[in-house]
Each structure stands twice: as C-alpha cells, then as structure tokens.
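These numbers come from the heavy atoms of this one structure, side chains and all, not from hydrogens, waters or symmetry mates. First the proteins, then the strands, lettered A, B, ... as listed; each starts at 1.
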2 protein chains.
Amino acid sequence: MDAVQDEAAGKRARGLDRAFEILDFLRQKRQALKPNEIAAQIGAPRSSVYELVNLLLQHGILEFTGGEGRVYLGRKLYFLGAAYENHFDFTRECEATLEQLADETRETAQFCMLDGNRYTVVRMREGARPFRISTDVGQSVPIPWTASGRLLVAHLSDQEILNFIPPQDFRLPNGEWLEPQTFIAEVRQAEREGLFTFNSIVDSFTHCFAVPVRGEEGHAAATLCLVTPRDDGIANRDRYLDCLKKAAAGLEHAPARPKRG
Amino acid sequence: MDAVQDEAAGKRARGLDRAFEILDFLRQKRQALKPNEIAAQIGAPRSSVYELVNLLLQHGILEFTGGEGRVYLGRKLYFLGAAYENHFDFTRECEATLEQLADETRETAQFCMLDGNRYTVVRMREGARPFRISTDVGQSVPIPWTASGRLLVAHLSDQEILNFIPPQDFRLPNGEWLEPQTFIAEVRQAEREGLFTFNSIVDSFTHCFAVPVRGEEGHAAATLCLVTPRDDGIANRDRYLDCLKKAAAGLEHAPARPKRG
DNA sequence: ATCATATGTACGCTATATTGGACATTGATG
DNA sequence: CATCAATGTCCAATATAGCGTACATATGAT
C-alpha cells in the first residue's frame, strides 16, 4: 500500500524490486552499464546484481550492448511496451494534437504523465522558432519542479500528496526548498482553475503552461503543456491557454482508454 | 543458457520468472485478465500469482483496467520500451523503408525479429490493394511457420537450432509435422541464397518473401518481408526480391545499433 | 615489485519468498 | 435450500534466493 518499505535498513531486498530498480536505473542513465557499475551506483550487493542481470538477460529483458559486458534494456521490454501502447491507444491522436499545437503557437508542445511518483515528458513537438526550446523525453523529474505536476496530483488529498511525493523532490534544482504547503496551495489553485502556468523553476528564461487531459475517472491522466520564452508566453497567455484547452478537449476521449473496451 | 528449466516438475518457481511469464501471457492474450484467470491459464499457484500481481501493480508494471480487478500491462513498461526504442533507434528508418516497399510493390511489407525463441512482426505496412493482406503485429509465432524464421536462426549450428526452437513449434497450424531436418535444410538453403520464399504455411492463398537485415555481428538481426497473393508473388518474384534486397541494404546501418555509440 | 582498483565467479548461511491449503464471499443452478 | 464454481485473503512450512565473503584475474599507478 505505502512506498515506505525500503527505508528500513538491513533488510534483504526482494528480487523483483531489485530487478525493476535496475531497469529504472538503466533508463535514467540512458546508456549501457556493467553489472558492477550498476551495483555500485544503486547501492546493491554485487552478487545479487550479477545474479539478477543474468536472469534478466535470459529473459531478453536486458541485452548485452556496448561491449565489455555492458548491458542495457532489452528487446522484450520494447515488445511489452508496444503491447501497452497498442492497448491504450493514445499515441496517434496525441501526435496529431501536439503537431497542431506546435503549428498554432510555434512553441514547444509536450504531452506529460506521471511515471510512478515522478513526472515525465512522454511526447514532445518542438516549435518552429529560430531558437527552439526542448527537453529530454522520457526522463523522470520531480513533480514539484513542473507546472504539470500541480495538475497531475490534484485528485489526491493533501496528506496523500505528501505521502506520494518523495520529500527530497521539494528541493528545487537551484537548491531552494519549496515548502510543501506552498506546493499544495498551488495544486488546489490549479485544480480550481483547470490550468497552471508559471515561470519555469528549472531555468530562467521559459514560461510554462499546463492543462489537464482528464481520463475516465475524471482526474488528470495526463497534461498538455507549452514551454515558451517568458516574453512570448506572457504576451500570448490567453491565446495559448485557449489552444491548449481545445487540444485537451480533443484528446479527452483517447488516453488511458482501452482500444476495444 | 537453455530454456529447459521449467520442465522439471515439483520445483518452486522463482518470482522473477513467474513475473515475466505473467507479462508475456498478458501480451499474448492482448487483454486484461483477473489474477485468478492468469493463475489458472498459466498453471501457477493462485497465491503466488496474487502476490506477484500486487507487486507488479505497485511498480506500475501492471495496471488495473477493464474493471472487476482485471489487470494488464502497465505504463512503466511503455516507458522502458520507449527507452529501448530510443537507444536502438531503428524505428524511424524502418518505417520509411516499409512505406517505400509498400509503395513500390503495392504488397504488404513487414519488419520482423525474434522474440526470444519465437518470431514476431515488429512493424507492418499494408499494401495498396483492394483486398489487403495483414497480420497481427506483436504476436509471437513459431519460427518454423514463417519464411523469416529460416533466416533468423541461420547463424546457429544445427544442434543449436534444435535446442533453440521449442519442439512443439514444428507442429504446423494445419496439424502436420514439419521434420526438423527438413527445416534445417531450408535454413541452410536460405543462408546460402540470402533469402527465402515459399507459399505460406499458415494459409492457402499467400506467398511470402523474406530477406535478412544483418546486424553488427553479420547475422540476420531482423528480416524484411513481403506477403502477397500467390499469383502476384510468383509473377513478380524477381522484381520483389530486388526491392527487398535494396531496402534491406538501406537498413543495414540502422537496426540494433546504439544511437550515439 | 607492490599496491590499489575494477571486474567477474563461487559458495555457504539464513532470512524469507513461494506455495498449498484453509477460509470467506458471491452468484449461479438445480 | 443445498451445491458448486469463481474469486480473493490469510497463514504456516520449508525450499531457496539474496547476501556476505573469499577468490581469481586484469590493469594501472607508485
């Protein structure tokens, strides 16, 4: 039920948990690593990591690549992910929506979701500007660092939010501490208004717009975002929000909805 | 190394193995199932399956969907699969190649790979015909049923092939038994000629063409295929093979090659 | 030559994960 | 009402998986 089990030290970890920890770690690193390096960097016993890596290799969940015994995510994961994508068929409409958004605004448009208890950009379309703004797709980012984050946790109670977000994620990239109560207040505001915008926390020159894409349960299953230069964002605020809301409305029947349900 | 470990009865299964068995099973079924159903259909203890399903749900590897406690593959798998696809960046060129092939031949073009010890269609492009031929993408099929199968195992020795392919996969869909030695002879022939074509085993009206897409190690990392009506296939054999070979040559620098290696 | 670090393998101990079976609930059926 | 099948939860027993540790090898620095 809760995610506070690995805090207790000295316990033996379950193979499954360690295995997915390895997979997540490789995803974050986005490169092949030696089992030894993995063990060291995630702080797991070397013998356990070697055993697990070998098991995962046999399943095609990991693959040798990059030489010297380095491993990375395997083909089987691609197949499983493709099956997921095929079942919850949001990709096609999503791609079209982002393209339209980028055309209308000439700004960078993103489709974002929660990845466990963090935030991630699932799809992105760069705007048609001389200097384009882009971010890494597929990287996990602390929820409080992002505009979308305010929307993606809005269905939770205050206490649930505090339990859900890792405490250290309230430490902003510039070192400042974001008071959780401040964050929650912004969440509630975003929930009331059905949108959230701010000057980005992670850099000094962008403004971010986010609106929810509601799933079957009525809460934000995803968000659509625009990332703009601050001047442009503030100048075009109303128009941009209008584009976003229309785009989100168009998607609301696609995401997290089984294909032939 | 070998896949002959779960034959021994009475042994306790490892959680990891069972977990991936569940994931593969859901992928095959391509629909959400109750834990109980999963347990019954894969022949695993119910209590184990319930425990594993709950663990996988916590990790986002499985998700509740379809109601009544049914579960299916989860978002996390999509993220991991996307990371794989991003690393071995074959998708883009592959898509373009299939489109060109379908344009040139007006037949159905496929990009196929091994999924463990079976065969699967990774990408497909339907031809521009009044009656189009298509197959399921992402379904695992016995290697001996397919033209591509002859090419995908050609780098193995005879004995390795026999160890690699599950014995029951030599039973063809019409009930006939394909003698493994016959299959191996076809493999060697395909290896020499760098292609394989035949009237499909799985139906009575198609002809299949397959050529290898060679990876770094020099053996077939994937195949490109055309699936055609028998008449057309035989009439256009030389031209089709020419198109396939050119397309494969164009891909040979893309698949299974790390992006920024 | 000596030491330190990185990498992979082998093995025994023991905490625990897997498992069978008991139990509870629901709904359909005769 | 009695019975049966389907579904999910709980629990104790024990086979074993995870872990610490020792060992083997290679590489590079001092």
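Where the helix from dA1(C)-dT30(D) to dG30(C)-dC1(D) starts and where it ends, the local axes point in directions that differ by 20°; five pairs per end, rounded to 10°.
Residue Ala40(B) is classed as having no contact, given no heavy-atom separation below 4.0 Å to the nucleic acid.
A salt bridge does not link Arg214(B) to Glu191(B): none of the charged side-chain nitrogens sits closer than 4.0 Å to a carboxylate oxygen. Using a cut-off of 4.0 Å between Lys/Arg side-chain N and Asp/Glu carboxylate O, Arg188(A) and Asp158(A) are scored as salt-bridged.
Between Tyr84(A) and Phe79(B), the distance separating the two ring centers is not shorter than 6.0 angstrom. With ring centers used as reference points, Phe90(B) lies under 6.0 Å from Tyr78(A).
Separating the CG atom of Leu56(B) from the P atom of dA17(C) is a distance of 15 Å, rounded to the nearest angstrom. In this structure, Leu55(A) atom CG and dA17(C) atom P are separated by 16 Å, rounded to whole Å. Rounded to an integer number of Å, the gap from CD1 of Ile38(B) to P of dA6(D) is 16 Å. If you measure from atom CZ of Arg14(A) to atom P of dA17(D), you get 13 Å, rounded to the nearest angstrom. Across the protein-nucleic acid pair, Gln41(B) atom CD and dA6(D) atom P stand 12 Å apart, rounded to whole Å. Atom pair Leu57(B):CG and dG8(D):C1' shows a separation of 14 Å (rounding to whole Å applied). Distance, Leu16(B) CG to dA17(C) C1': 12 Å, rounded to whole Å. Straight-line distance from the CD atom of Glu51(A) to the C1' atom of dT16(D): 10 Å, rounded to whole Å.
In terms of the side-chain hydrogen bond (donor to acceptor under 3.5 Å, both in side chains) criterion, Glu68(A) has no residue partners (sequence neighbours excluded).
No donor-acceptor contact under 3.5 angstrom links the side chains of His59(A) and Asp24(B), judged on distance only.
Looking only at distances, a side-chain donor or acceptor of Glu63(B) sits under 3.5 Å from a matching main-chain atom of Arg75(B).
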Subject >> Annotated protein contacts, base or backbone, on nucleotides 6-15 of chain C with a non-hydrogen cut-off under 4.0 Å, one of B, S, - each >> reply: SBBBB---BB
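Atom CD of Glu176(B) sits in a sparse spot, with 12 or fewer heavy atoms from other residues, nucleotides or ligands closer than 6.0 Å.
Here the CD1-CG distance, from Ile201(A) to Leu178(A), works out to 6.0 Å after rounding to the nearest 0.5 Å.
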